[in-house]
Amino acid sequence: MSRTTPTPSPVAGDDRATARRTLRTVAVAACVPYLSLKAAWIAGSRVGIPEGSVLLAHETTMRVVNAATVLMDACVVVLALLLSRPWGRRVPSWLLALPMWAAAGLLTPIMAGFPAQVVLRVTGFASGERTPGERPFLDEWVYFVVYPGFIVQGLALGALFVLYARERWAHLWRGLAGEPAGRLPGRGQRIAVVAAALLAAMPITVHLMWATGHRSGLSGALGRQYDAEAAVQDAAWVLYAGATVVGVVLLLARPERLLPRFARAWVPARTPLWLPLLLAGAGSAAVGCWGGWLLLASAVGGQGGDQAATPLMLVTYAVQMIIGLLVLGAGARFFSGRAAAARTP
């Protein structure tokens with residue numbers, strides 16, 4: 001009886017190709033509402049912008065910022081193509097990984113925060129009403145058109161990235177956390193992530209203070225408008241920064257050595273390497289990208305008086321941005337080192 005070598009079935013490959021095409025179409029379609037609204041504003045339309053909005057007081061700045069955000073969202077279309085087309089496999093790793101890190105950082109807080117805010121309003125914990133004399137920023141319907149699109153973009157891009165990364169880079173995060181091959185090898189990398197973990201104490205403390213009802217360091221306008229939705233946002237920043245710290249610690253030491261003996265039973269003895277990489281990467285991306293964005297918005301927003309960002313707010317945003325850059329740099333060196341080791345015979 002002769003033996004025959006089984007040949008790979010094309011069904012799995014066809015299914016992945018179909019999934020990629022579907023996800024690409026969904027990601028691109030989800031960009032249309034946001035890009036259409038931004039294009040209208042750049043052209044001079046005031047659709048969705050109520051009278052008295054601070055946006056109307058700085059039309060030139062608004063057009064520049066809108067043009068920048070159009071380019072940012074257009075990058076989602078480019079990423080969807082790179083992640084789903086054969087030629088995307090030939091793109092240098094850094095040219096794809098860097099914008100994906102930024103996209104994850106900007107979209108993750110929206111994907112988590114907007115549904116939580118909707119739940120708060122539906123359950124009556126947040127009324128959504130403005131304080132007397134407060135000038136509206138945008139019409140309410142704008143958020144319910146734009147933010148669901150962001151959520152769909154994030155889900156579609158995330159799924160495309162998983163399919164892409166498993167085929168191209170899966171070998172880079174194989175192994176266990178705490179093993180020699182899974183630790184940060186360079187002294188500079190370890191210093192960078194330890195500095196990031198130590199710096200995270202500052203935004204964690206500040207956001208936790210605001211989330212628990214203390215208004216110290218908030219601008220006057222934000223202090224008056226602070227509600228349950230804002231508290232959820234600040235609590236989320238605590239979680240993102242905390243995830244960064246946990247991921248960094250797991251990359252520096254064996255997980256079972258980090259807890260007292262009685263608590264070790266609750267921690268898996270063999271933590272896969274991808275878990276701390278995910279925690280540190282996603283956490284630092286959210287903290288860093290939004291810290292940089294809020295710092296930039298505060299610098300070019302032109303808001304004065306009690307609407308201007310306070311020194312504590314600016315320092316917090318700056319520290320968040322630094323945390324993100326430190327972890328990003330260390331992560332890039334980590335992956336490039338593992339890729340070089342994998343190529344060595």
Side-chain angles (χ1 to χ4, degrees), residues 98 101-114 116-117 120 154 184 189-252 258 275-301 303 306-332:
L98 182 60
W101 180 83
L106 292 172
L107 292 174
T108 297
I110 296 175
M111 295 169 64
F114 183 68
Q117 292 173 336
L120 286 175
L184 297 174
Q189 297 173 45
R190 293 194 293 271
I191 291 175
V193 296
V194 168
L198 294 175
L199 285 173
M202 189 266 183
I204 287 176
T205 301
V206 171
H207 288 296
L208 186 60
M209 175 182 69
W210 291 337
T212 53
H214 300 278
R215 304 293 180 260
S216 301
L218 282 173
S219 65
L222 286 178
R224 291 192 305 272
Q225 300 164 13
Y226 203 91
D227 57 7
E229 294 182 38
V232 167
Q233 289 180 335
D234 280 315
W237 295 124
V238 173
L239 293 178
Y240 303 141
T244 304
V245 174
V246 172
V248 164
V249 171
L250 292 177
L251 289 171
L252 293 173
L258 302 176
L275 180 58
L277 290 173
L278 177 63
L279 291 173
S284 66
V287 168
C289 292
W290 271 95
W293 178 253
L294 292 172
L295 187 64
L296 177 64
S298 300
V300 303
Q303 297 186 35
D306 68 351
Q307 293 186 340
T310 65
L312 180 59
M313 292 169 62
L314 294 175
V315 171
T316 302
Y317 301 154
V319 170
Q320 290 183 201
M321 182 178 66
I322 293 170
I323 292 169
L325 293 176
L326 287 171
V327 176
L328 175 63

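Values reported hereafter were calculated over all heavy atoms of this structure, with side chains retained and with hydrogens, waters and symmetry mates removed.
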Pairs of donor and acceptor atoms involving the side chains of residues 232-240, under 3.5 Å and at least two apart or interchain, shall be tabulated with distances.
{"from": "Asp234", "atom 1": "OD1", "to": "His207", "atom 2": "ND1", "distance (Å)": "2.7"}
{"from": "Asp234", "atom 1": "OD2", "to": "Tyr226", "atom 2": "OH", "distance (Å)": "2.5"}

Can you tell me how far the [atom1] atom of [X] sits from the [atom2] atom of [Y], to the nearest 0.5 Å?
{"X": "Leu222", "Y": "Met313", "atom1": "CG", "atom2": "CE", "answer": "4.5 Å"}
{"X": "Leu312", "Y": "Tyr317", "atom1": "CG", "atom2": "OH", "answer": "9.5 Å"}
{"X": "Glu229", "Y": "Gln117", "atom1": "CD", "atom2": "CD", "answer": "4.5 Å"}
{"X": "Ile204", "Y": "Thr244", "atom1": "CD1", "atom2": "OG1", "answer": "8.0 Å"}
{"X": "Leu326", "Y": "Met321", "atom1": "CG", "atom2": "CE", "answer": "10.5 Å"}

Is the side chain of Trp290 donor-acceptor paired with the backbone N or O of Leu106 at a distance under 3.5 Å, no angle test?
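Indeed, once roles are kept as given, a pair shorter than 3.5 Å links the two residues.
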Exercise answer: donor-acceptor pairs, residues 277-289 side-chain atoms, under 3.5 Å, sequence neighbours excluded:
{"from": "Ser284", "atom 1": "OG", "to": "Ala280", "atom 2": "O", "distance (Å)": "2.6"}
{"from": "Ser284", "atom 1": "OG", "to": "Gly281", "atom 2": "O", "distance (Å)": "3.1"}

What are the two closest non-hydrogen atoms of [X] and [Y], and how far apart are they?
{"X": "Ala308", "Y": "Ser219", "answer": "O-CB, 3.2 Å"}
{"X": "Val245", "Y": "Ala200", "answer": "CG2-CB, 3.6 Å"}
{"X": "Val327", "Y": "Ala196", "answer": "CG2-CB, 3.7 Å"}
{"X": "Val194", "Y": "Leu252", "answer": "CG2-CD1, 3.6 Å"}

Could you please spell out the steps behind the side-chain contact (heavy atoms from CB on, under 4.5 Å) verdict for Leu295 and Leu314?
CA-CA 6 Å; Leu295 187 64; Leu314 294 175; 4.0 Å; yes
Identify, with sequence neighbours excluded, every residue that meets side chain to side chain contact (heavy atoms under 4.5 Å, CB included) alongside Val319.
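For Val319, the residues satisfying side chain to side chain contact (heavy atoms under 4.5 Å, CB included) (neighbours in sequence not counted) are Leu199, Met202, Pro203, Val315, Ile323.
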